[in-house]
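Accompanying notes for the structure given below.
When reading the values below, keep in mind they use all heavy atoms of this one structure, side chains included, and skip hydrogens, waters and symmetry mates.
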Amino acid sequence: MKSKVTIAFLLAIGAVFYLSFNGVSTTDNTSAETTEAEKTSVQVADEDYCHPRYEKQQPSSEQILHRMAYTTSYNKDTRCPNWVGWALTREHTDGDNERSNHKFLEDKEVPEPRAVYSDIRESESGYQRGHLCPAADNKWSFKAQNEAFLMTNICPQDGHLNQRAWKYLEEQCRDWAVKYGKVFIVAGPLFKTSKPKTVGEHHVAVPDDFFKVVMAFDDEGKARAIGFCYNNAPERGTTKDYARSVDEIESMTGLDFFYQLDDETENRIEAECDFDKW
């Protein structure tokens, strides 16, 4: 019995070598040409698209915090995020967990001194607590909504901007998530000086501007991306007025967004700024 098994095994090995040396493939190479989304789908997870890298040196004060719905790059010097990234799906654009059931929370995972609720009071500082990953993007889960109110997801933000132009952009991103099924978003503050204005007992830095970049794949798997930049002041334009190319946002921030894509796709989508095509 053993000799028969051995002979069968040797014959099988011989057949493989014969097919290989005669140019016959033993694997299926008949798959169709892949789309841009499929090219990276095996090795790139959703959260990776929402995690930019620094084009030059990474700040020594960076602390990465992974939450249920988003990732924060926290800066202990400004007491603000460097950036916050998240993937928003069609299914997560609504839910029962309203913001009224949650309170702003001190994030005890970051070192002291750190931002607390009382640091940003509009009546005292003139600024509101502005979410980077919006509360309305997290109504799908109690835990996700709770984490959206951590102060490491918050910056001092002009009240008019927070409740109008920035809010309108957040609503637009949810509309795009419904349209495309999923969008990848990174948002953060911009500081024009090394010693920005601060508010509160713990000296939370006040951003000069805010940025946001958005990337999506359409039904055919073709990628597209767009950026936005707002002054941290009353803004009265339409969402389209604040549109920028991702290349422009990269120049402002020193961040490299969506680098996980192949170079040809990345270069194409980051040079574009056509709001109407979205």
Do [X] and [Y] belong together in a cluster built from hydrophobic side chains that touch within less than 4.5 Å?
{"X": "Tyr117", "Y": "Val206", "answer": "yes"}
{"X": "Val183", "Y": "Trp83", "answer": "no"}
{"X": "Trp176", "Y": "Phe257", "answer": "no"}
{"X": "Phe210", "Y": "Leu88", "answer": "yes"}
{"X": "Leu132", "Y": "Val214", "answer": "yes"}

When you measure from the side chain of [X] to the backbone N and O of [Y], does any donor-acceptor pair fall under 3.5 Å?
{"X": "Arg164", "Y": "Leu161", "result": "no"}
{"X": "Gln145", "Y": "Asn97", "result": "yes"}
{"X": "Arg90", "Y": "Val178", "result": "yes"}
{"X": "Asp208", "Y": "Lys192", "result": "yes"}
{"X": "Glu147", "Y": "Met68", "result": "yes"}
{"X": "Asp158", "Y": "His160", "result": "yes"}
{"X": "Thr72", "Y": "Tyr74", "result": "no"}
{"X": "Gln260", "Y": "Asp48", "result": "yes"}
{"X": "Arg224", "Y": "Lys277", "result": "yes"}
{"X": "Asn232", "Y": "Pro207", "result": "yes"}

With rounding to the nearest 0.5 angstrom, report the [atom1] to [atom2] distance, [X] to [Y].
{"X": "Glu270", "Y": "Ser245", "atom1": "CD", "atom2": "OG", "value": "8.5 Å"}
{"X": "Glu250", "Y": "Leu255", "atom1": "CD", "atom2": "CG", "value": "8.0 Å"}
{"X": "Cys173", "Y": "Ile185", "atom1": "SG", "atom2": "CD1", "value": "4.5 Å"}
{"X": "Met215", "Y": "Tyr49", "atom1": "CE", "atom2": "OH", "value": "5.0 Å"}
{"X": "His102", "Y": "Arg99", "atom1": "NE2", "atom2": "CZ", "value": "10.5 Å"}
{"X": "Ile64", "Y": "Thr71", "atom1": "CD1", "atom2": "OG1", "value": "7.5 Å"}

Any non-hydrogen side-chain atom of [X] less than 4.5 Å from a side-chain atom of [Y]?
{"X": "Ser118", "Y": "Arg121", "answer": "yes"}
{"X": "Lys143", "Y": "Asn146", "answer": "no"}
{"X": "Pro189", "Y": "Asp209", "answer": "no"}
{"X": "Pro52", "Y": "Asp256", "answer": "no"}
{"X": "Leu65", "Y": "Val110", "answer": "yes"}

Problem set entry | Among Glu109, His202, Glu106, the one residue meeting side chain to side chain donor-acceptor pair (under 3.5 Å) with Arg114 | Glu106

For this session: Let me know which of Trp166, Tyr242, Tyr230 forms a side chain to side chain donor-acceptor pair (under 3.5 Å) with Glu235.
Result: Tyr242

Problem set entry | Greater than 12 external heavy atoms within 6.0 Å of Phe104's CZ | yes

Exercise. When you look at CG of Asn101, are more than 12 heavy atoms from neighbouring residues, nucleotides or ligands closer to it than 6.0 Å?
Worked result: yes

Does the pair [X]/[Y] count as a salt bridge with the N-to-O cut at 4.0 Å?
{"X": "Asp119", "Y": "Arg79", "value": "no"}
{"X": "Arg268", "Y": "Glu264", "value": "no"}
{"X": "Asp107", "Y": "Arg67", "value": "yes"}
{"X": "Lys222", "Y": "Glu220", "value": "no"}
{"X": "Asp96", "Y": "Lys139", "value": "no"}
{"X": "Asp276", "Y": "Lys240", "value": "yes"}

What heavy-atom pair brings [X] and [Y] nearest, and what distance separates the two atoms?
{"X": "Tyr70", "Y": "Asn153", "value": "OH-CB, 3.7 Å"}
{"X": "Pro111", "Y": "Gln63", "value": "CD-OE1, 3.4 Å"}
{"X": "Pro59", "Y": "Asn82", "value": "CG-ND2, 4.4 Å"}
{"X": "Cys155", "Y": "Ile120", "value": "C-CD1, 4.3 Å"}
{"X": "Pro156", "Y": "Val199", "value": "CG-CG2, 4.0 Å"}
{"X": "Ala271", "Y": "Asp247", "value": "CA-OD2, 3.4 Å"}

Exercise. Step by step, would you call Glu62 with Ser73 a side chain to side chain donor-acceptor pair (under 3.5 Å)?
Worked result: CA-CA 6 Å; Glu62 182 183 48; Ser73 164; 2.6 Å; yes

For this session: Let me see the working for Asp94 and Trp140 under side chain to side chain donor-acceptor pair (under 3.5 Å), right down to the final yes or no.
Result: CA-CA 6 Å; Asp94 202 0; Trp140 54 277; over 6 Å; no

Exercise. Would Asn75 and Cys80 satisfy side-chain contact (heavy atoms from CB on, under 4.5 Å), going step by step from the backbone distance to the final call?
Worked result: CA-CA 6 Å; Asn75 189 315; Cys80 287; 5.8 Å; no

Problem set entry | Side-chain H-bond candidate by donor/acceptor type, Gln128 with Gln157, under 3.5 Å | no

Look at the aromatic rings of [X] and [Y] and report parallel, tilted or perpendicular, splitting at 30° and 60°.
{"X": "Phe275", "Y": "Phe228", "result": "perpendicular"}
{"X": "His131", "Y": "Phe149", "result": "perpendicular"}
{"X": "Tyr180", "Y": "Trp278", "result": "perpendicular"}
{"X": "Phe217", "Y": "Phe184", "result": "perpendicular"}

